[in-house]
Structures are given as structure tokens and as C-alpha cells.
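A short worksheet on the structure shown next.
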Amino acid sequence: VQLQASGGGLVQAGGSLRLSCAASGLPFSSYVMGWFRQAPGKEREFAARISPSGGTTYYADSLKGRFTISRDNAKNTVYLQMNSLKPEDTAVYYCAAGRYLAVDYKKYSYWGQGTLVTVSS
């Protein structure tokens with residue numbers, strides 16, 4: 001199984017980025033996909049998740065209205081559209097695949113390598 005995250009970079013506060021995560025080696029359309037993030041010196045935290053069909057999404061409270069998770073099962077890819085970015089959104093962002101609609105990172109079985117998002121003030 002491979003999850004390849006991309007799309008991170010440096011952006012000014014108020015800007016936007018779209019992260020992508022391409023999956024291979026698993027029945028993608030059967031898996032819950034999640035995005036997590038880890039800021040320097042902090043624990044990994046839940047950002048968003050999407051059900052296998054894409055019909056249900058869930059976000060961390062601090063991200064509602066600014067971030068949007070979506071998936072394209074034909075392309076085995078999950079996305080995270082990030083708008084109105086703030087300096088506190090600076091973190092390494094990880095995509096993950098699991099069987100449960102969970103916010104606990106321990107419930108996810110497979111992980112991408114992470115992509116760094118840096119938001120300057």
C-alpha cells in the first residue's frame with residue numbers, strides 16, 4: 001500500500017492550497033480517508049475525514065468552513081482544499097486510510113509520507 005501526498009508549500013496568510021493524496025495497493029473506494037496534521041512540537045491532530053463513497057465528511061471544529069475534503073474514487077485520490085489559511089495552519093499534513101469513521105489517528109491503518117504546509121503572516 002502506498003499513499004503519496006503532494007501539494008504542500010509556502011503560502012501567505014489568507015491564501016489557498018490544495019493537497020492531493022494518491023493511493024495504490026488497496027481497494028480505495030472501500031476505505032475511509034483522512035487528513036491529519038502535525039505542527040512542530042505538537043501532537044498529530046485530526047483535520048478531516050471522508051467516507052468511502054464520499055457522501056459523508058467530518059471536520060475538526062477549527063477547520064470547518066475553511067477546509068474541504070473530497071475524493072475521486074476513479075482516480076484513487078483524496079484532496080484537501082484549504083482556504084483562508086492562517087499561520088497556525090502551518091504543519092506537516094498526512095493522509096491516511098482506514099476502515100472506521102474515526103478521528104483517532106490510531107484507527108487508521110495506512111499513512112502517506114506527509115507534505116509540509118507553511119503559512120507566513
Side-chain angles (χ1 to χ4, degrees):
V1 175
Q2 284 194 327
L3 301 178
Q4 183 70 40
S6 61
L10 175 63
V11 63
Q12 288 189 330
S16 298
L17 281 176
R18 188 176 83 152
L19 306 182
S20 299
C21 174
S24 60
L26 78 169
F28 181 76
S29 62
S30 297
Y31 275 77
V32 174
M33 297 300 297
W35 285 97
F36 291 76
R37 65 184 188 178
Q38 188 165 16
K42 295 188 176 182
E43 293 187 353
R44 189 169 301 192
E45 65 174 4
F46 169 80
R49 69 168 191 238
I50 188 166
S51 61
S53 69
T56 302
T57 57
Y58 184 76
Y59 300 90
D61 286 344
S62 63
L63 305 182
K64 288 178 183 176
R66 297 192 299 123
F67 287 19
T68 302
I69 188 171
S70 62
R71 66 191 296 161
D72 185 337
N73 285 347
K75 296 182 178 179
N76 286 3
T77 302
V78 62
Y79 306 96
L80 187 67
Q81 177 68 44
M82 306 184 296
N83 298 330
S84 302
L85 283 162
K86 305 174 181 180
E88 52 263 42
D89 294 319
T90 295
V92 176
Y93 284 71
Y94 298 90
C95 59
R99 290 293 198 175
Y100 305 100
L101 290 169
V103 299
D104 184 352
Y105 72 88
K106 301 182 188 70
K107 297 293 188 182
Y108 288 79
S109 304
Y110 304 107
W111 289 84
Q113 84 288 1
T115 185
L116 177 62
V117 173
T118 303
V119 184
S120 63
S121 56

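Linking Ile, Leu, Val, Met, Phe, Trp and Tyr residues whenever their side-chain heavy atoms come within less than 4.5 Å places L17 and V119 in a single cluster. Linking Ile, Leu, Val, Met, Phe, Trp and Tyr whenever their side-chain heavy atoms come within less than 4.5 Å puts I69 and Y110 in one cluster. Following chains of ILVMFWY side-chain contacts shorter than 4.5 Å, one cannot reach Y105 starting from M33, and the two form parts of different hydrophobic clusters. No chain of hydrophobic side-chain contacts below 4.5 Å, direct or via other Ile, Leu, Val, Met, Phe, Trp or Tyr residues, connects L3 to L116.
For the pair F46 and V103, the tightest heavy-atom approach, listed with the atom from each and the gap, is CB-O, 3.5 Å. G98 and Y108 get closest at one heavy-atom pair: N-CD2, 3.6 Å. Across L19 and G8, no two heavy atoms sit closer than the pair CD2-N, 3.6 Å. Smallest separation of non-hydrogen atoms from S121 and P87: CB-CG, 3.8 Å. Contact detail for L80 and Y93: the closest heavy-atom pair is CD2-CD2, 4.1 Å. Counting all heavy atoms, side chain and backbone alike, S53 lies closest to N73 at CA-ND2, 4.4 Å.
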**Request:** Give the intermediate values and the outcome of side chain to side chain contact (heavy atoms under 4.5 Å, CB included) for residues V1 and W111.
**Result:** CA-CA 9 Å; V1 175; W111 289 84; over 6 Å; no

Audit row: W35, V78, side chain to side chain contact (heavy atoms under 4.5 Å, CB included) steps and yes/no: CA-CA 9 Å; W35 285 97; V78 62; 3.8 Å; yes

**Message:** Let's go through T68 and T57 carefully: what are the C-alpha distance in whole Å and the side-chain angles of both, what is the deciding distance for side chain to side chain contact (heavy atoms under 4.5 Å, CB included) to 0.1 Å, and is it a yes or a no?
**Reply:** CA-CA 9 Å; T68 302; T57 57; over 6 Å; no

| query | Does the pair V117 and M82 meet the rule for a side chain to side chain contact (heavy atoms under 4.5 Å, CB included), with working shown? | reply | CA-CA 10 Å; V117 173; M82 306 184 296; 3.8 Å; yes

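At least one side-chain heavy atom of N83 sits less than 4.5 Å from a side-chain heavy atom of S16. The shortest distance between side-chain heavy atoms of S51 and L101 falls below 4.5 Å. T77 places none of its side-chain heavy atoms less than 4.5 Å from the side chain of C21.
Annotation: cation-pi geometry satisfied between R99 and Y31 (NZ/CZ under 6.0 angstrom from ring centroid, within 45° of ring axis). A cation-pi arrangement is present between R18 and Y79 under the rule of less than 6.0 angstrom and at most 45 degrees off the ring axis.
For R66 (side chain) and S84 (main-chain N/O), a donor-acceptor pair under 3.5 Å exists by modelled atom type. Looking only at distances, no side-chain donor or acceptor of Q113 sits under 3.5 Å from a matching main-chain atom of Q4. Distance alone, capped at 3.5 Å, is enough to place a donor-acceptor pair between the R71 side chain and the F28 backbone.
K64 NZ: more than 12 foreign heavy atoms inside a 6.0 Å radius. Counting heavy atoms of neighbouring residues, nucleotides and ligands inside a 6.0 Å radius, atom OH of Y59 exceeds 12 of them. In the displayed structure, Q2 atom CD is contacted under 6.0 Å by at most 12 heavy atoms of other residues, nucleotides or ligands.
Here CD of Q38 is found 9.5 Å from CD of E45. Values are rounded to the nearest 0.5 Å. In this structure, the separation between OG on S20 and NZ on K75 is 9.5 Å, given to the nearest 0.5 Å.
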